[in-house]
Chemist: 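Here it is, the structure, as structure tokens.
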Protein chains: 2
Amino acid sequence: MPKRIPVAPESTRCSTCMLSELCLPLGMARDDVAKLDELIKERIRIPKGSALFHLGEKTEAVYGIRSGSLKTQLEDASGQIQITSFLLPGEIVGMDGLLDNVHLSHAIALEDSEVCIIRIDEMDELARHLPVLQQQLRRLMSKEIGRSHQLVMALGALRSEQRLAAFLVNLSQRLSALGYSASEFILRMSREEIGNYLGLTLETVSRLFSRFARENLIRVRQREVHILDMHGLQALAGTDCG
Amino acid sequence: MPKRIPVAPESTRCSTCMLSELCLPLGMARDDVAKLDELIKERIRIPKGSALFHLGEKTEAVYGIRSGSLKTQLEDASGQIQITSFLLPGEIVGMDGLLDNVHLSHAIALEDSEVCIIRIDEMDELARHLPVLQQQLRRLMSKEIGRSHQLVMALGALRSEQRLAAFLVNLSQRLSALGYSASEFILRMSREEIGNYLGLTLETVSRLFSRFARENLIRVRQREVHILDMHGLQALAGTDCG
DNA sequence: CGGGCTCTTGAATCACTTCAACGCTGGTGG
DNA sequence: CCACCAGCGTTGAAGTGATTCAAGAGCCCG
């Protein structure tokens, strides 16, 4: 388990960060975002495959993803694992640990990544003079609840092909919001991880990719995905019907 | 859809409420709980089958359940429904609407129920003089995230019998925390609702109840459940291994 | 005492998993 | 530079857990 590496802070602050439309500052006034510069003073580099935090560790902060991507996963008493999210830049990780300040999940980097540390005690301190900050965290937590509920819906109500279609559409939209192509991207997770996330086996996921390709919905080459028929995918996922 | 009925406030306040160990005041100092009395000034009676709120409605408050029980359910564009929680007294409902102050789910009473209104704007106001209150809501939201993740785990990683066993154990524990019997209780939801929640059909749920009864894990008569072998159920659910 | 739910149970079917074999790819060392 | 190996991905065939379809029983309410 490689260690966390603090990063010199001079480089980038919230006020100058490209992600400030999405991350903690989401929807905040320009002046208020500038005040976040005194909150976000440290970052951490996480090498691919290593953990930002583990289940059971003390929660002292939540983290805004600056670059790279992570997964979070639960682990039960028998060692069974369930991935509960794949996280992209601008998204916040660690909010499940704020009940008793103990992490309930593992957060693991899918590639070399960097996260900004948002210390909870310092955030409370700053929030005295910047009440909007509490509302901000509240909104982000509400977003996380909604995201998790969507996953419950996928697992409880959708069939395998719909789950994978919804997964691809969702990923595409999030990457698009970051300024990347909505139709061409590289998956940072394995078939097995996708399967675990969607409650399927890796074989089923693989077969579905092949089938989607056969039906000209997508083109796949290993982890490289081209979406050819976004409308068709959305129809499959059941998330269109506008 | 019967309307909401405000209830005279003189009756009960947080400071005298039986549920103050569980609800919003969870873990707060006695003096601080007393200050909540100026926040919780209204309650709502919700008749069985009617809604506390609907998807798409504006979110101005979250609600602490005072008596009865509710379900929350998502509904997608095609009308497909997924129940995401069953809520008991002392639990908070409506926190998924705090992203854009629009509810993302329906909340429907499973029996005649009563909820306390926690207006968000008034809570923010009170929190200026009572900072612990923000932390309180944050903890409750974190709890909701954890709860939803547990459901994801059940849907993604457990087989039908494990899901139902986990469901029963969980319900038993929550009822027990409210002072009710852990081994005998009445289900307030139908087989179909349980099935929807657990990603199963009502027939599968019914068969599992019969099988659990045959294996002397429980006794069932309609919605009346006696747990005969809690340890066996926990083993099935995979949540023991202590 | 119907009549409409909810629940139970059985038989047939199906979606997904399991088991198994093979292919691709990228890194390593001879 | 190529051979080799390990990990990841693909594909097929057999198996199975849960669903679907269907019929009937039990229960509650007017």
Side-chain angles (χ1 to χ4, degrees), chain A residues 47-49 71 80-83 108 110-112 154-168 186-215 217-226 236-238, chain B residues 47-49 71 80-83 108 110-112 154-168 186-215 217-226 236-238:
Chain A
K48 173 175 179 172
K71 64 174 172 179
Q80 174 89 273
I81 281 185
Q82 173 68 44
I83 296 174
I108 297 166
L110 295 174
E111 60 191 310
D112 290 356
L155 293 173
L158 303 188
R159 289 185 303 102
S160 62
E161 56 186 24
Q162 301 180 292
R163 290 185 209 177
L164 187 64
F167 171 76
L168 290 172
I186 307 286
L187 299 171
R188 306 257 93 121
M189 66 294 284
S190 68
R191 301 287 189 268
E192 177 161 27
E193 287 169 324
I194 296 172
N196 181 291
Y197 179 69
L198 296 176
L200 304 168
T201 59
L202 68 97
E203 292 96 329
T204 299
V205 173
S206 178
R207 275 184 251 271
L208 287 170
F209 271 120
S210 301
R211 197 172 107 206
F212 285 179
R214 214 178 309 126
E215 295 168 348
L217 291 165
I218 62 175
R219 279 205 308 126
V220 198
R221 236 183 70 92
Q222 299 294 122
R223 298 194 179 183
E224 193 183 323
V225 175
H226 287 227
L236 238 187
Chain B
K48 173 176 179 172
K71 64 175 173 179
Q80 174 89 272
I81 281 186
Q82 173 67 45
I83 296 174
I108 297 166
L110 295 174
E111 59 191 310
D112 289 355
L155 294 173
L158 303 187
R159 289 182 306 102
S160 62
E161 57 187 23
Q162 300 180 292
R163 291 185 209 177
L164 187 64
F167 171 75
L168 291 172
I186 307 285
L187 299 171
R188 308 255 90 121
M189 67 294 283
S190 68
R191 301 287 189 269
E192 178 160 27
E193 287 169 324
I194 296 172
N196 181 293
Y197 179 69
L198 296 176
L200 304 169
T201 59
L202 69 97
E203 291 97 327
T204 299
V205 173
S206 178
R207 275 184 251 271
L208 287 169
F209 271 119
S210 301
R211 198 172 105 207
F212 285 179
R214 214 177 308 127
E215 294 167 351
L217 291 165
I218 62 175
R219 279 205 307 124
V220 199
R221 234 184 71 93
Q222 298 295 124
R223 299 193 179 183
E224 193 183 323
V225 175
H226 288 227
L236 238 187

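First the proteins, then the strands, lettered A, B, ... as listed; each starts at 1.
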Chemist: Starting at atom CZ of B:Arg221, determine the distance to atom P of D:dC27, rounded to an integer number of angstrom.
Modeler: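 Atom CZ in B:Arg221 sits about 6 Å away from atom P in D:dC27.
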Chemist: Find the distance B:Asn196:CG to D:dA18:C1' and express it as a whole number of Å.
Modeler: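 Value for this atom pair: 16 Å.
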Chemist: Does OP1 or OP2 of C:dC7 have a side-chain N or O of B:Ser206 closer than 4.0 Å?
Modeler: no
Chemist: Without decimals, in angstroms, what is the distance between A:Arg211 CZ and D:dT11 P?
Modeler: 13 Å
Chemist: Remember a base hit wins even if backbone is also touched, and classify A:Ser190 as base, sugar-phosphate or nothing at under 4.0 Å, heavy atoms.
Modeler: sugar-phosphate
Chemist: Under 4.0 Å, heavy atoms only, any strand: does A:Gly199 hit a base, just the sugar-phosphate, or nothing?
Modeler: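 Sugar-phosphate contact only.
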Chemist: If we check side-chain contact (heavy atoms from CB on, under 4.5 Å) with A:Arg188, which of these qualifies: A:Glu111, A:Glu193, A:Arg223, A:Lys48?
Modeler: A:Glu111
Chemist: Nearest-Å distance, CG (B:Leu200) to P (C:dC14)?
Modeler: 20 Å
Chemist: Can you tell which of D:dT19, D:dG9, C:dT8 lies closest to the side chain of A:Arg191?
Modeler: D:dG9
Chemist: Does B:Thr201 make a side-chain N or O approach to OP1 or OP2 of D:dT19 shorter than 4.0 Å?
Modeler: yes
Chemist: Would a 4.5 Å heavy-atom cut-off, applied to side chains only, mark A:Phe209 and A:Ile194 as touching?
Modeler: yes
Chemist: Tell me if the side-chain of A:Arg207 makes a donor-acceptor pair with the base of D:dG12, cut-off 3.5 Å, by modelled atom types.
Modeler: yes
Chemist: Roughly, in whole Å, what's the span from CG in B:Leu202 to P in D:dT20?
Modeler: 10 Å
Chemist: Taking only side-chain N and O atoms of B:Ser210, does any of them lie within less than 4.0 angstrom of OP1 or OP2 on C:dT9?
Modeler: yes
Chemist: Choose from C:dC19, D:dC27, D:dG9 the nucleotide whose nearest atom is closest to any side-chain atom of B:Gln222.
Modeler: D:dC27
Chemist: Answer yes or no: are there more than 12 heavy-atom neighbours, outside B:Arg219 itself, under 6.0 Å from its atom CZ?
Modeler: no
Chemist: DNA chain C: B:Met189 or A:Arg163, which has the more 5' nearest nucleotide?
Modeler: B:Met189
Chemist: It should be established whether A:Arg159 places a side-chain nitrogen or oxygen under 4.0 Å from OP1 or OP2 of nucleotide D:dT19.
Modeler: no
Chemist: Looking at A:Glu193 and D:dC8, is any side-chain donor or acceptor paired with a base atom of the opposite kind under 3.5 Å?
Modeler: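 Donor-acceptor pair under 3.5 Å: no.
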Chemist: Quick one: B:Phe209 CZ to D:dA18 P, roughly how many Å, whole number?
Modeler: 15 Å
Chemist: Would you compute the distance between atom CD1 of A:Ile83 and atom NZ of A:Lys71 and round it to the nearest 0.5 angstrom?
Modeler: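 Output value for this atom pair is 4.5 Å.
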Chemist: Quick check: closest heavy atoms across A:Val205 and A:Gly195, and the distance to 0.1 Å?
Modeler: CG2-CA, 3.5 Å
Chemist: Rounded to whole Å, how long is the line connecting atom CG of B:Leu158 with atom P of D:dG17?
Modeler: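 Taking CG of B:Leu158 and P of D:dG17, I get 15 Å after rounding.
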Chemist: Considering only side-chain heavy atoms of B:Ser160, which listed nucleotide, D:dA18, C:dC16, D:dT20, is closest?
Modeler: D:dA18
Chemist: I need the CD-P distance between A:Glu161 and C:dC16, as an integer number of Å.
Modeler: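 One finds 7 Å between P of C:dC16 and CD of A:Glu161, rounded.
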